[in-house]
Amino acid sequence: MNIQEVEQKTGLERGNIRFYEKEGLLHPARQSNGYRDYSQEDIQTLLRIKLLRQLNISLGEIGQMQQQPERLQEALSQRLEDIRLEGASLARAEEICRAIRDTGVGYDRLAPESWLRQMEQPLADGAPPRTSHNLERDVTPVRPHPWRRFLARYLDMALYHLLLVLLFVILNLYPMNDMLFQVISYLFGVAALFALEPLMLSRWGTTPGKWLLGLRVTNLAGGRLSYGQALERLWGVFSKGEGYSLPIYSLYRSYKSYRSCQVGEPLDWEDESCCVAGPLPYWRCVAWGGALTAVFLISVALPIDAMLPNARAPLTVARYAENFNDMRRQFLPDYRYEMDAGGNLVEQPLYPEETVITIEGDLAPESVVDTRYQLDGDILTGITITVSVEDDVGEEMVFGLADNQITLATLAFVGAQKEVGFLSGGMLSLLKQLPEDAMESFDRTIYGVRIRRTVESAGYWGAAGLSLLLPEEDAAEHYYHMTYTMDLVE
């Protein structure tokens with residue numbers, strides 16, 4: 001039979017039936033299509049559960065009876081004893097209630113001490129009275145929801161990290177995935193956490209992450225925390241709950257906090273506060289996921305956008321030079337050349353007070369580098385860089401293959417095209433598409449620019465990433481000619 005028939009035969013709601021099945025008290029068969037098929041025995045099981053629950057026997061005890069049917073007698077005997085004690089306690093409460101009423105006093109003149117002594121006197125058989133159940137319920141309800149709390153804080157910390165990314169962009173700095181940025185990110189996140197969260201909790205009782213997941217932080221009376229209480233609570237969360245975000249120790253403290261929260265134990269930082277969980281409708285979960293996705297995309301998009309050249313296509317030579325110097329500052333700050341407005345490289349000392357002393361004959365020869373620009377009116381449409389080492393150099397190591405210049409030129413020219421952006425992966429993606437081997441010829445189109453490199457060489461070999469040529473022993477001749485051309489594709 002289906003669940004509608006079961007509801008009619010047992011008088012139980014569908015939610016009750018599903019709950020008992022979830023608790024393992026009911027095991028209906030499944031049809032081939034996956035629907036439940038309730039039997040007459042299932043009806044009897046539900047009616048037994050209904051009867052015993054109305055006698056106030058717990059689901060845990062009912063589950064034990066299903067495994068050990070003889071426990072029914074023991075459970076009923078215990079229930080009878082409980083009812084007897086509850087009845088005696090109620091009789092005493094009735095007696096005292098009537099006596100207080102007969103005095104005719106108002107609340108302001110009620111003297112509680114003598115009445116409490118009577119309430120707390122043992123019953124006739126010496127058993128303690130059962131009159132404190134209301135006091136047991138007079139506490140702030142504990143709703144653990146450890147995962148909701150963790151996910152709420154995860155979103156909050158992501159927002160603090162986004163603030164750091166925004167600050168880097170405003171200051172025209174460039175967040176990178178290196179150790180220094182990770183340290184700065186950690187310190188900034190902690191500072192933002194302690195600066196903002198106590199303010200939000202004391203003013204609104206929640207944070208963006210907590211609000212989206214239906215969480216509020218209140219004092220024990222249900223009101224908002226003071227700023228001092230919020231700050232003290234946050235320090236407890238940071239130190240005891242998150243272990244100062246230190247590797248390994250943080251995982252240990254998070255696990256301990258999760259276990260305590262899961263079983264409803266009071267957390268170390270909630271002596272004067274509690275986290276109240278409200279209903280969690282579907283839209284809140286979707287909103288949390290959408291917010292986290294948006295924060296992630298913005299955190300990725302902003303650094304990528306910040307690394308793009310300042311000037312976008314179409315370029316003049318002067319604007320291209322601006323891009324070249326911008327890319328130098330970002331990617332190759334130790335490169336000794338800047339570009340003037342005419343597209344010419346000008347050597348710069350690394351430090352203002354630096355003095356460069358060159359002793360003739362102590363340095364290996366360098367290649368000859370020439371740069372030519374192709375213009376359509378004032379618009380830059382192509383760049384050609386040639387690198388030459390003639391045979392008269394002889395069997396010597398040669399410096400200066402212009403690889404840094406070529407890299408910056410490519411970033412400044414190709415990176416300025418409209419196709420380069422967040423969706424394409426930005427400048428780092430562009431760099432990955434360029435071969436590193438200076439001896440390799442190639443011809444490819446990248447983001448609307450045809451890039452060609454032709455290499456003619458004899459008597460030299462070069463290694464990827466090294467800006468030099470190494471001579472081959474006993475070679476008949478030594479020369480190296482490389483042409484690197486970038487042209488806009490019509």
Side-chain angles (χ1 to χ4, degrees), residues 165-166 168-176 300-350 352 369-387 400-435 442-453 467 482-490:
V165 174
L166 288 171
F168 267 62
V169 172
I170 292 171
L171 297 178
N172 205 23
L173 301 173
Y174 305 94
M176 304 293 287
V300 173
L302 283 177
I304 289 177
D305 184 71
M307 286 189 287
L308 295 177
N310 293 328
R312 308 295 285 171
L315 297 174
T316 62
V317 172
R319 296 287 279 168
Y320 161 75
E322 292 179 16
N323 285 351
F324 186 96
N325 295 330
D326 183 36
M327 296 298 99
R328 170 187 178 269
R329 184 166 61 88
Q330 288 190 56
F331 296 97
L332 295 171
D334 293 335
Y335 183 55
R336 300 182 65 88
Y337 294 89
E338 285 190 351
M339 186 172 287
D340 62 22
N344 303 304
L345 294 180
V346 180
E347 185 173 3
Q348 300 289 326
L350 292 180
V369 181
D370 179 65
T371 303
R372 297 182 183 276
Y373 299 109
Q374 179 180 333
L375 301 174
D376 183 1
D378 292 333
I379 303 302
L380 181 63
T381 60
I383 302 172
T384 300
I385 300 173
T386 59
V387 180
L401 296 185
D403 52 343
N404 287 339
Q405 179 184 345
I406 290 172
T407 297
L408 295 177
T410 305
L411 294 174
F413 186 67
V414 181
Q417 305 308 310
K418 296 177 181 178
E419 293 88 342
V420 182
F422 166 61
L423 295 179
S424 70
M427 308 306 286
L428 298 180
S429 175
L430 172 57
L431 284 172
K432 292 178 181 178
Q433 299 184 57
L434 302 177
F442 67 89
D443 186 342
R444 65 182 62 174
T445 299
I446 303 175
Y447 303 131
V449 178
R450 184 183 180 188
I451 304 177
R452 289 168 291 169
R453 182 166 68 187
S467 182
M482 186 272 288
T483 303
Y484 187 86
T485 303
M486 295 181 287
D487 292 307
L488 294 179
V489 176
E490 296 292 337

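Everything numeric here is computed off the predicted structure, so don't read it as measured data. All residue numbers refer to positions in the sequence shown, counting from 1.
- Nearest heavy-atom pair, P309 versus D326, reported as atom, atom and distance to 0.1 Å: CA-OD2, 4.0 Å.
- Of all non-hydrogen atoms in A313 and K418, the two that sit nearest each other are O-CE, 3.9 Å.
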Run the side-chain donor-acceptor check on residues 419-430: report pairs under 3.5 Å with partners two or more places apart or on a different chain.
unit_1 : atom_1 : unit_2 : atom_2 : d
S424   : OG     : G421   : N      : 2.9
S424   : OG     : G421   : O      : 2.9
S429   : OG     : S424   : O      : 3.1

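- When every heavy atom of R444 is checked against every heavy atom of Q433, the shortest pair comes out as NH1-O, 2.5 Å.
- Contact check on R453 versus D443 returns no salt bridge, with no Lys/Arg side-chain nitrogen under 4.0 Å from an Asp/Glu carboxylate oxygen.
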Original post:
Between L488 and V449, is a side chain to side chain contact (heavy atoms under 4.5 Å, CB included) present by the stated rule, with each step listed?
Top reply: CA-CA 5 Å; L488 294 179; V449 178; 3.9 Å; yes
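- Residues D403 and I406 fail the side-chain proximity criterion, which asks for heavy atoms closer than 4.5 Å.
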Check: residues 372-385 side-chain donor-acceptor pairs under 3.5 Å, at least two apart:
unit_1 : atom_1 : unit_2 : atom_2 : d
R372   : NE     : D370   : OD2    : 3.1
Y373   : OH     : G343   : O      : 2.7
T381   : OG1    : Q374   : O      : 3.2

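- With 3.5 Å as the limit, one finds no donor-acceptor pair spanning the side chains of Y484 and Q405.
- Rounding to the nearest 0.5 Å gives a distance of 10.0 Å between OG1 of T483 and CZ of R452.
- Using a 4.5 Å heavy-atom cutoff, the side chains of D334 and L332 are not in contact.
- When atom types are taken as modelled, the side chain of T316 and the backbone of R319 share a donor-acceptor pair closer than 3.5 angstrom.
- Listed by chain and number, the residues in a salt bridge (charged side-chain N to carboxylate O under 4.0 Å, His left out) with R312 amount to none (sequence neighbours excluded).
- The backbone N or O of Y335 sits nowhere less than 3.5 Å from a side-chain atom of N404 that would complete a donor-acceptor pair.
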**OP:** Any chance you could lay out the side chain to side chain contact (heavy atoms under 4.5 Å, CB included) test for M339 and Y320, step after step, and finish with the verdict?
**Re:** CA-CA 9 Å; M339 186 172 287; Y320 161 75; 3.5 Å; yes
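- To the nearest 0.5 angstrom, L408 atom CG is 10.5 Å from Q330 atom CD.
- Inter-residue side-chain proximity for V346 and Y337 is flagged as unmet; no heavy-atom pair is nearer than 4.5 Å.
- For the pair R450 and M486, the minimum side-chain heavy-atom distance is 4.5 Å or more.
- How far CG of L411 is from CZ of F331: 5.5 Å, rounded to the nearest 0.5 Å.
- T445 is not listed as a side-chain neighbour of I451, based on a closest heavy-atom distance of 4.5 Å or more.
- Smallest separation of non-hydrogen atoms from A416 and L315: CB-CD1, 3.7 Å.
- The two atoms that bring A321 and A341 nearest to each other are CB-CA, 4.4 Å, heavy atoms only.
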